[in-house]
Amino acid sequence: MKKLFSLLVVLLAVCSVVGCKGNGKEKETIKLGSSGPLSGSVSIYGQAVKEGVELAVEEINAAGGVNVNGTMMKLELVDFVNDEADARKAAAALTSLISKDVDVIVGAVTSGATEGLISEAVKHGVPVITPTGTADKLTVGDNGDERDVRYNVFRACFYDSYQGKFMAEYTAEKGYTKAYVLYNNDDDYSKGLKNAFVETCTLEGVEVATAAYSKNDKDFNAFWVPILEGGYDCVYVPDYYENVYNILKTGYSKGYAGVCYGGDGWDGVIQQVKEGDDASFLENCFYTNHYFGKSENAVVKAFVEKYEAKYGETPVSFAALGYDAVYIAKQAIEAAGSVEYDAVVEALTNGTFSGLVTSSAPFSFNNGNPEKAAVVITFKDGKEVEAE
Amino acid sequence: MWFKRMNKRNLISSVIGVAVLVVISVLSTKSFELPKILNLIFIYSIAALALNIVCGCLGEFVLGHGGFLLVGYTTAVILMQQISKMFTKSMGKVYFKEILVYVVKGGELHPMGYAFIIGTVILAAIITALIGFVVGLIALGRLKGDYLAIVTLGISLIFVNICKNFESLGGGTGISITTTISSTPLLNLGFLIFVLFLILTFMGSRFGRNILACRDDNIAAEACGVPVNKTKVIAFTFSSLIAGIGGALLAFVQPQAPTAFGQDMSILFLIIIVLGGLGSLTGSIIAAILIVLYENWFCVQSWVPDFFANNPKIIYGIILVLIMLFRSSGILGKNEFTWNWFFKLFKKNDKSLKEDK
Amino acid sequence: MHTLLEGLKQGLELGSIFALMALGYSMVYGIVKMINFAHSEFITIGGFLAYFITEKLLATTLGSSIWTLLIALVIAVITCVVVAIVTERFAYRPLRKKGSSRITALITAIGVSYIFSGIMNAIEPEQLEFHKFVDKNTSFYIAIITTAVLLSALTFFVKKTKVGIAMRAVSENEQAAKLMGINNNFIIALTFMIGSALAAIGVVIYLLDGECFTFEIGSVTIGLYPFVAAVIGGIGSLPGAVIGGFLIGIIRAITQVYSNIGLSSWVDTIIYGIFVIILLFKPSGLLGKDVREKV
């Protein structure tokens, strides 16, 4: 009987650990939860977002906290879960964050993981602000008709189609009549940009050819053959910077002389240039980004200075977006005057947000997407500069 | 029937155990983490059982299990999307959502929702079984051993490649329906019991005995008049039917990219059945519980060092090698789980229990 | 036409690298009847070591000379050989002693591969770029010549030397070979050593022209292709492995140079499709021997 009893005790203990759930006790802090890849091949983005989020939280608390109906409440980053950019792990991360009683989720970082996180988040109604999840479907669903289900999902960045469209218009504006897209078949970010680029190019009368590589491809020599044979002088490479730098270097060393365009995943290309490398080809390359780190804008300057002081490196746009996402959450909670899920979601839906690093003008959300402009960045003498 | 041969006390205990699980499943919806973990336990068990039929019972080695789960998953999502479109058109979106949407702010799944999920899962399973039949017909007759393993891996990678290339079949991050409709632990438990019943009935039948005969000695079985090739194809088809159920159920629980169904997932299920014991049904279930708890409960606990969450491959690798070196038959070997140990808790010297073994 | 030629050239280079790695798979499978999944991790270990040694040596007076490359290559090969011996000794040999089934052996191999892959991930999760020793053109000739030389040497070794004959004897019939006084364990360990040395050489040639790679180079980037090549050519057959390697390499490169018509996104389907079809018509591979099952 003793054994049975001890068995029961163990069982109960397990149940209580697994099934414990916060109850509505009086809050002292506003709890933020986040998730992103801290290990694996894209961990660098997770790290950047994490640093941006931590900086913002620290800064807001140093300034007194968040003003909720007259009482100043401190922000607390409850946990930054490592989801390894995996949808399954991000979904598990959300449940664990909810059980820790979070008020707002700032995450996840990659689109695939964010989709996993959202699939759970819509069940709980917790406001989700993804700093860098750019896939179109995150806020509106696969077919674009699910906004009423994903009503609690917002993002701090512009979305894939917007960037692709922007660059396609840029291409047409510069007078190119044929363009070539080299995209990553394993990555929705890359595919999303490609689809929007191709669509808009066709509308603008620019002829487009596409080619896909997979995540297994690290040697791009063969992929440049049809580009050089076909005489293209405008190549769109929507991918993250590691692959991008590799692709660009291969292409220009094979004698390509045209321009290359890209999206915000290029942020970080300049850090890939090793000492002694000839990277003058980068002067022919242009990409869209959320903000320009060396801009004269006061908010941007202040952010970059603080970031550099704290982490000793220049912030990439992922860090800026993580930082902004926290500020968006803060402004929404202040506007709502409460930390109830529904009130914050409503404030996000209807409010206007200003004073952010990645948008000089105030903006509001349309279907969860911020309405803000992209900047085009190019390279000069080994430094990034804003292109006209 | 098989359950007539079962020890009465064990049968009753099992029924009580199932009843306890039903109660836990129903009550679990009150908690946040529990339904998710239960769902995964039930679904992983189903998928592992499917693989165990081929690897454990038939003794052929399959490395492409993920591919069949992917087929089940994708078919279920597409079917459900079509149903959703059809009803949205005829009934109006709001009304249809009222019927289906269990997910928004955690309501109860409508009976109609249950019916939709069950129908979709069964259809998806049948389609997967058809594909499994074709694959089995082509591959099993001519190949065996490691060659068969590699060919099935190749075929599953072809499935992944196809789904990856068509946006409507998944693309890079996959298609999902969990924001429209998601299933409950009770439903998944129901399917698990149904699958167990199906497998036990199947294995108790003439086909089941043929399958075991083929495993133990191919040539002797053929000499005794067992149609070896036909038996293998039947077993393979049956296994893909169950895999289809598993994959389809997964679609109602979490979104998953086609690439997630590649080599790593196939190997994960291999780990599960090897850990539980090849050929032991209950062993697979126990191992599935352990793996799910490790991934979804243990690793997210704050007191667990990050090392475990960040390096699952090292842990799995060490587990696999140690099991193979020191207990290559897995947790239960070829035996099934019984309740005898439970009764032993009360009566230490009950001799009748020992005879049951 | 130029496109096709370019594709063939790159295919031959990639193919000869696949061939070197396929030889390892093929020899090990031929002798212990086990798919050595850990072979792909030997490739990764070789690449990593060559990278780290090169980075260290570049800072010294040796600089970017041929000596740097040779030292890196030799150290990578030696380490791979040691890792292979240790793996064989502590993971595979105990299994053989117990007379475990083939499924057990295969799962152990998967386990070993997981351990190495996990460790490599923990050491360096980010993408690395190998130092560019030669340009693309030179690396093409290096790859072809190395493969030709190593294949001939290996063929000579297996066919003519005493140890090579013992090796073939063990793969033919382990028990009988033992009775003839052959030290089975030594022969098997030797096979593992040769296989992993070839893997290390292959990966260094692959990286030679300044290639980018990650900890997944063996398990994902190169992945199963060498093994598929070995099976297509016929397990146990040295020229078969090379033919299979060239076949896979050329298919892969051709799909890439014709990527503008969408071939590259179907590369897995094409390669595994061909693989399945070949096996269905010739279950033992193109140059493999048919073995009848006996009671």
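Each chain gets a letter, A, B and so on, in the order the sequences are listed, and its residues count up from 1. Computation of the quantities below employed the complete heavy-atom set of this structure, encompassing side-chain atoms and omitting hydrogens, waters and symmetry-equivalent molecules.
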For the residue pair [X] and [Y], does the interplanar ring angle fall in the parallel (under 30°), tilted (30 to 60°) or perpendicular (over 60°) class?
X         : Y         : value
Phe213(C) : Tyr51(C)  : perpendicular
Tyr25(C)  : Phe227(C) : perpendicular
Phe223(A) : Phe220(A) : tilted

Sort by residue number and list every residue of residues 256-267 of chain A having at least one heavy atom under 4.5 Å from chain C.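 Near chain C, by residue number: none.
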Checking Tyr206(C) against Glu211(C) for the side chain to side chain donor-acceptor pair (under 3.5 Å) test, could you report, in this order, the C-alpha distance in whole Å, the side-chain angles of both residues, the deciding distance, and whether it holds? CA-CA 7 Å; Tyr206(C) 176 79; Glu211(C) 213 69 51; 5.0 Å; no
Can you tell me if CD on Glu199(A) sees more than 12 non-hydrogen neighbours from other groups inside 6.0 Å?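 Open.
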Measure the spacing between OG1 of Thr68(C) and CG of Leu57(C) and express it to the nearest 0.5 Å.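 Rounded to the nearest 0.5 Å, the OG1-CG separation comes to 5.5 Å.
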Is it possible for you to check whether Lys178(A) lies under 6.0 Å from the centre of the six-membered ring of Tyr232(A), through NZ or CZ, and within 45° of that ring's axis?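 Positive - Lys178(A) is close enough to the ring of Tyr232(A) and near enough to its axis.
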Is there any residue in residues 43-50 of chain C with a non-hydrogen atom under 4.5 Å from a non-hydrogen atom of chain A, and which ones are they?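 The stretch does not come within 4.5 Å of chain A.
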For Asn246(A), give me all partners under side chain to side chain donor-acceptor pair (under 3.5 Å), at least two apart in sequence or on another chain.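 In terms of side chain to side chain donor-acceptor pair (under 3.5 Å), with neighbours along the sequence ignored, Asn246(A) is linked to no residue.
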When Leu182(A), Thr210(A), Asn221(A) are compared by non-hydrogen pairs under 4.5 Å with chain C, the top option: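 Of the candidates given, the most pairs with chain C belong to Asn221(A).
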Carboxylate-amine/guanidinium proximity below 4.0 Å for Lys136(C) and Glu13(C):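 Yes.
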Checking heavy atoms, do the side chain of Asn185(A), its backbone, both or neither come under 4.5 Å from chain C?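 Only the side chain of Asn185(A) comes within 4.5 Å of chain C.
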Does any heavy atom of chain C fall under 4.5 Å from the side chain of Ser214(A), the backbone, both, or neither of them?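 Contact with chain C involves no heavy atom of Ser214(A) at all.
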Give the intermediate values and the outcome of side chain to side chain contact (heavy atoms under 4.5 Å, CB included) for residues Ile123(C) and Phe215(C). CA-CA 9 Å; Ile123(C) 293 174; Phe215(C) 68 94; over 6 Å; no
With a 4.5 angstrom heavy-atom cut-off, could you sort out which part of Glu6(C) is near chain A: side chain, backbone, both or neither?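 Looking at Glu6(C), just its side chain touches chain A.
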Using a 3.5 Å cut-off and no angle test, enumerate the donor-acceptor pairs between side-chain atoms of residues 248-255 of chain C and protein atoms at least two apart in sequence or in another chain.
| residue | atom | partner | partner atom | Å |
| --- | --- | --- | --- | --- |
| Arg252(C) | NH2 | Asp217(A) | OD1 | 2.8 |
| Thr255(C) | OG1 | Ile251(C) | O | 3.4 |
| Thr255(C) | OG1 | Arg252(C) | O | 2.7 |

